[in-house]
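Structure record follows, encoded as structure tokens.
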Amino acid sequence: PKDKAGLLADLKAHHQTPEVLEPLTRGNIAFQPTEQNKVCLANYNAPQLYFLQYSNLGKKFDVAVDPALKLYNEYNSGSMGAIVFQEMRESRSLAYMAFTEWINPSYLDDNYLFAAIIATQNDKMAQAIDAFDEIINNMPESEAAFKLAKEAVLTNLRTSRTIKDEVLWKYIANKDLGVTEDRNKAIFEKVQDMTFADLKAAQEQWIKDRKYTYCILGDLKDLDQDYLRKLGPVQIVSQKEMFGY
């Protein structure tokens, strides 16, 4: 409700900047490496828990990986009919929500990440983690799901358009990775000829048998901490450590 003069007076009083601004240096979040398994717990008073396992093995960006990454993500978690959702929720009734993602770096000095996320009941934690471990390391084979995943990737690329300000943002994102051509072109061409054996080979090279940091938000009194200690050292993270109070 203030007029221009009142607003400028408030800005001058509370948003003080030097006469000459120093140049900014780029900095991006560096994810911690996962050289060994580790468990982080935080208390959350609820009958269900939220679970994340993530892995950073220090592997750098390679544009040639794009087709396999795109198809892997679609096959495993691209829809409600994908492998992870069907296995974790429909077949085993272990999760309200479940998905995995093989995550692209944003910069050349970033690493590929892999993450798996579920929300499940506290008393189903061990079953859910074991089931996830099985699915991730021994990827289920479904020719029908594979064909659907391929078609979903290709259909999405056929119908998507880079328009308006997205053109600049995509240009900047590719430049940050040292890429000079549209990555979707290679993905579209390569995915058409990929077989399940190609996808399996990528999974075995990039995903299988990783080390993880397991992060669990749940009611500590209901969680089987003896089981969690079998995964790796357990650290209980306090609210003060997370939020500062």
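This structure is a prediction, so every number in the text was calculated from the model and none was measured. Note that these values count all heavy atoms, side chains included, but never hydrogens, waters or copies made by symmetry. Starting from 1, each residue takes its place in the sequence as its number.
- For A149 against E74, the heavy-atom pair with the smallest separation is O-CG, 3.4 Å.
- Here F243 contributes atom CZ and S238 contributes atom OG; the two are 10.0 Å apart, rounded to the nearest 0.5 Å.
- Residues Q86 and G81 come closest through the heavy atom pair CG-O, 3.6 Å.
- Defined by atom type and a distance below 3.5 Å, a donor-acceptor pair is present between the side-chain atoms of N111 and N56.
- No more than 12 heavy-atom neighbours from other residues, nucleotides or ligands sit within 6.0 angstrom of OH on Y44.
- V65 and V179 end up in the same hydrophobic cluster when Ile, Leu, Val, Met, Phe, Trp and Tyr side chains are linked at under 4.5 Å.
- Using a 4.0 Å cut-off between a side-chain N of Lys or Arg and a carboxylate O of Asp or Glu, D182 and K185 do not qualify as a salt bridge.
- Annotation: the span from I129 atom CD1 to K230 atom NZ amounts to 12.0 Å, rounded to 0.5 Å.
- Of the possible donor and acceptor atoms, one in the side chain of K150 sits under 3.5 Å from a partner among the backbone N and O of M194.
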Check against side chain to side chain contact (heavy atoms under 4.5 Å, CB included), E181 and N174: CA-CA 8 Å; E181 296 183 2; N174 284 343; over 6 Å; no
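- Counting heavy-atom neighbours within 6.0 Å of K190 NZ, excluding the residue itself, gives a total of 12 or less.
- Between atom CG of residue L94 and atom NZ of residue K124 there is a gap of 6.0 Å, rounded to the nearest 0.5 Å.
- Annotation: side chain of N138 is in contact with side chain of K208 (closest heavy-atom distance under 4.5 Å).
- By the 6.0 Å contact criterion, CD on Q36 is open, its count of non-hydrogen atoms from other residues, nucleotides or ligands being 12 or less.
- Between D130 and Y227, the side chains place a donor N or O and an acceptor N or O closer than 3.5 Å (distance only, hydrogens not considered).
- Residues D176 and S106 are not in side-chain contact: their nearest non-hydrogen atoms beyond the backbone lie 4.5 Å or more apart.
- For F196 and Y75, the gap between ring centers is short of 6.0 Å.
- Contact record, I136 with I207: CG2-CG2, 3.8 Å, taken as the closest heavy-atom pair.
- W206 and V84 fall within a single hydrophobic cluster, where Ile, Leu, Val, Met, Phe, Trp and Tyr are joined by side-chain heavy atoms under 4.5 Å apart, directly or via other members.
- Between L57 and Y112, every side-chain heavy-atom pair lies at or beyond the 4.5 Å cut-off.
- When all heavy atoms are compared, the tightest approach of E241 to V237 is OE1-CA, 3.5 Å.
- Between the side chain of N76 and the main chain of Y72, a donor-acceptor pair closer than 3.5 Å is present.
- For the pair F114 and R210, the minimum side-chain heavy-atom distance is below 4.5 Å.
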Passes side chain to side chain contact (heavy atoms under 4.5 Å, CB included), D66 versus N184? Steps please. CA-CA 9 Å; D66 279 358; N184 286 340; over 6 Å; no
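- Residues F61 and Y54 fall into different hydrophobic clusters, defined by Ile, Leu, Val, Met, Phe, Trp and Tyr side chains chained together at heavy-atom separations under 4.5 Å.
- Using a 4.5 Å heavy-atom cutoff, the side chains of K60 and L108 are not in contact.
- Atom CD1 of I216 and atom CG of D219 lie 13.0 Å apart (nearest 0.5 Å).
- L228 and Y212 fall within a single hydrophobic cluster, where Ile, Leu, Val, Met, Phe, Trp and Tyr are joined by side-chain heavy atoms under 4.5 Å apart, directly or via other members.
- For the residue pair G232 and V39, the shortest heavy atom distance occurs at O-CG2, 4.1 Å.
- Y96 contributes no side-chain N or O that, together with a main-chain N or O of Q48, makes up a donor-acceptor pair within less than 3.5 Å.
- The closest side-chain donor-acceptor pair between Q235 and K38 falls under 3.5 angstrom.
- Remark: of the listed residues L71, L148, N73, L71 is the sole one forming a side-chain contact (heavy atoms from CB on, under 4.5 Å) with V153.
- The pair R92-E87 meets the salt-bridge criterion, since a charged nitrogen lies less than 4.0 angstrom from a carboxylate oxygen.
- Taken to the nearest 0.5 Å, the CD1 atom of I118 stands 13.0 Å off from the CZ atom of F85.
- In this structure, the side chains of D222 and D123 stay at 4.5 Å or more apart for every pair of heavy atoms.
- Between Q203 atom CD and D198 atom CG the span is 13.0 Å, to the nearest 0.5 Å.
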Decide side chain to side chain contact (heavy atoms under 4.5 Å, CB included) for M125 and F51; before the verdict, give the C-alpha distance in whole Å, the side-chain angles of both, and the deciding distance to 0.1 Å. CA-CA 9 Å; M125 178 191 70; F51 169 93; 5.6 Å; no
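- Other residues, nucleotides and ligands place more than 12 heavy atoms under 6.0 Å from the CZ atom of F188.
- Scanning both residues, A202 and A68, for their nearest heavy atoms gives CB-CB, 3.7 Å.
- A donor-acceptor pair is defined here as one N or O able to donate and one able to accept, closer than 3.5 Å; such a pair exists between the side chain of N122 and the backbone of A46.
- A single hydrophobic cluster is seen to contain both V234 and L231, as judged by linkage of ILVMFWY side chains at heavy-atom distances under 4.5 Å, directly or through other members.
- Taking 4.5 Å as the limit, some side-chain heavy atom of F99 sits within range of a side-chain heavy atom of M97.
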Step by step, would you call L157 with V191 a side chain to side chain contact (heavy atoms under 4.5 Å, CB included)? CA-CA 11 Å; L157 291 173; V191 166; over 6 Å; no
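- With no hydrogens or angles considered, no side-chain donor-acceptor pair links K211 and T34 at under 3.5 Å.
- The number of heavy-atom neighbours closer than 6.0 Å to OH of Y171, taken from other residues, nucleotides and ligands shown, is 12 or below.
- Between the side chain of R183 and the backbone N or O of T180, no donor-acceptor pair lies under 3.5 Å.
- Using a 4.5 Å cut-off on side-chain heavy atoms (C-beta onward), Q225 and I236 make contact.
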